[in-house]
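Written out below as structure tokens is the structure these notes cover.
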Amino acid sequence: MSDLTTVLEATGALAGAGGLGYAKARAPRVYWSLVGLPITWGRFTVTYGATMDVCGLTVRPSGLRAFMVRNVARREVQPVPPKVRRVRGTSTGLRVSLRLPAGLEPTDVAAASERLRHAWGVHSVNVVESKPGVVELRMTGYDVLKRVRMPRRFKAESMVVPVALRDDGTAFVRDYRKVPHALTLGANQSGKSMYQRNLIAGLAKLPVGLVGIDCKRGVEQRPYAPRLSALATTPEMASELLNVLVAEMESRFDLLSAHGVSDLWALPVKVRPVPLVVLVDEVAELFLTAAKKDEERRDRMVMQMVRLGQMARAIGIYLEICGQRFGSELGKGATMLRAQLTGRVIHRVNDKQTAEMGLGDVAPEAVFAVTTIAPDRPGVAVAGDSSGGWSRIRTPETSPAQAAAVCREHAHLTPDLPALAPFRPAISAEPTTDDAPSLIKPRPVTD
């Protein structure tokens, strides 16, 4: 009987270990909540002081504190680590709020993040300054970018679109009121188009006008025609469309001047024009010319885009520029336009120079991170901004059919803009299975 009990206990132990191994591989959130979180929390609690001391994140205590320790507590004065204000577990990791003592700054903690990651056995440690003197350690217990699941709780705001998942488990958003213009770079098969699909699907649900410029005859953006207020599919159409957008910008500035305000969002709701997002699929098609006669049109288009980048934020016209490369070799005005694009999202690229084009002027430390993106992980990118901060992100997988379905579902939100009416794309009927041509050759009729 005892032998049978031993066998059953061993079988149960093996089954439990197998179940945990399966959960770790196939359901990492479940494994983290049941096993990883308690272990990491305990390890952090026990080793916090020693880890901070070894990582150089302690300072000498104040004179009063040193006096009290020596004369009241009768103990040796030890260096002081940051004070733990709060520890909170999440479905992806652990959040720790720290109060920094005098002599430490957030960059000191960020520089030690890799050492803290190894000390506590977590996948990554990100340091975020929540307010002066207080930082938050955002630990992730597993690779959240391996299988992207966007956070369910997201506070919807005007002109804010969740596009991807950060490596700390939070959502990466495009906030057009904070970062009006952005540049997205990436090689073929890097996930650049998937990023655009997620962005368009998110924008389609907002009361904004979408303007597409896709000089590859519209192969990328034409499926989104039900939600587009304008679509240019050739360089000639793009030049005319940019002229109309600049004229729209000037008329909106007249409206701001008439009401004595300097920003679109300060206008009364009744007279406020609808915001416009201009989506350029491949910017190189606007710069490159095949003949000498096209250079004048190219220079005019580039200058119009530079004007939009410099002034259009105040009147609610935002630029989303996409391409494979964006450097001075494109021609006159390229670097001037790039300087106006505050947000940067760089996917896997073919050379280091392209990464430097995108991030070298805003977040130089992130250039190396771009060059280490694996080819077998499409959608992974590095996002940076003018503040010097950067993070790894990955967009959830979205097919062109799914993005097109979202655009059809929200076609009623497409604003009526008379100035853009000549460029409104024709909307074809949605193909059905019955209308699709058959690939089976019918048998010939015989006697």
Side-chain angles (χ1 to χ4, degrees), residues 23-25 27-45 47-48 51-52 54-57 82 84 86-98 100 106-130 134-151 162-173 191 345-348 355 359 363-374 376-385 387-396:
K24 186 176 182 179
R29 286 181 180 241
V30 176
Y31 178 83
W32 168 257
S33 300
L34 296 178
V35 180
L37 179 59
I39 293 176
T40 302
W41 199 324
R43 185 185 294 126
F44 169 81
T45 303
T47 65
Y48 173 74
T51 301
M52 287 296 180
V54 171
C55 293
L57 297 177
V84 178
R86 185 179 64 172
V87 181
R88 178 170 59 92
T90 67
S91 60
T92 59
L94 195 66
R95 301 290 178 85
V96 181
S97 180
L98 301 178
L100 299 182
T107 54
D108 298 328
V109 185
S113 61
E114 193 68 14
R115 284 170 281 173
L116 297 176
R117 178 178 81 87
H118 288 285
W120 292 322
V122 293
H123 182 266
S124 66
V125 176
N126 293 273
V127 181
V128 179
E129 182 180 2
S130 54
V134 179
V135 298
E136 185 178 59
L137 301 182
R138 295 180 177 177
M139 308 182 204
T140 53
Y142 58 94
D143 187 4
V144 297
L145 300 185
K146 184 177 181 180
R147 211 177 281 175
V148 178
R149 291 181 59 184
M150 295 295 290
V163 186
L165 184 69
R166 295 181 186 269
D167 59 353
D168 61 1
T170 61
F172 170 75
V173 302
V345 176
I346 314 301
H347 295 76
R348 178 181 55 81
L359 293 171
E365 297 179 356
V367 173
F368 176 75
V370 174
T371 60
T372 59
I373 297 177
D376 59 346
R377 303 198 76 178
V380 175
V382 174
D385 54 46
S387 66
W390 62 277
S391 60
R392 290 182 180 86
I393 64 171
R394 191 177 191 183
T395 50

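We use all heavy atoms of the structure for the numbers below, so side chains are in, but hydrogens, waters and symmetry mates are not.
- A 4.5 Å side-chain heavy-atom check between Leu359 and Pro364 finds every atom pair outside the cut-off.
- Contact annotation: the side chain of Thr40 approaches that of Val122 to within less than 4.5 Å [non-hydrogen atoms, C-beta and beyond].
- Ser124 meets the side-chain hydrogen bond (donor to acceptor under 3.5 Å, both in side chains) test with Thr140; sequence neighbours excluded.
- With sequence neighbours excluded, the residues that form a ring-ring contact (aromatic ring centres under 6.0 Å, His included) with Tyr48 are Phe44.
- The two atoms that bring Arg394 and Lys146 nearest to each other are NH1-O, 3.4 Å, heavy atoms only.
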From CA spacing to verdict: side chain to side chain contact (heavy atoms under 4.5 Å, CB included), Thr90, Leu94 = CA-CA 6 Å; Thr90 67; Leu94 195 66; over 6 Å; no

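- Across Gly169 and Pro151, no two heavy atoms sit closer than the pair O-CG, 3.8 Å.
- Nearest heavy-atom pair across Met150 and Ala164 is CE-O, 3.2 Å.
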Worked check of salt bridge (Lys or Arg N to Asp or Glu O under 4.0 Å) between Asp168 and Arg392 = CA-CA 9 Å; Asp168 61 1; Arg392 290 182 180 86; over 6 Å; no

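- With contacts defined as side-chain heavy-atom distances shorter than 4.5 Å, the pair Arg149/Arg29 qualifies.
- In the model, Trp120 has a side-chain atom that pairs as donor or acceptor with a side-chain atom of Thr47 under 3.5 Å.
- For Arg88, there are no side-chain hydrogen bond (donor to acceptor under 3.5 Å, both in side chains) partners two or more places apart in sequence or in a different chain.
- Thr170 and Leu165 get closest at one heavy-atom pair: O-CD1, 3.4 Å.
- Of the possible donor and acceptor atoms, none in the side chain of Ser33 sits under 3.5 Å from a partner among the backbone N and O of Val30.
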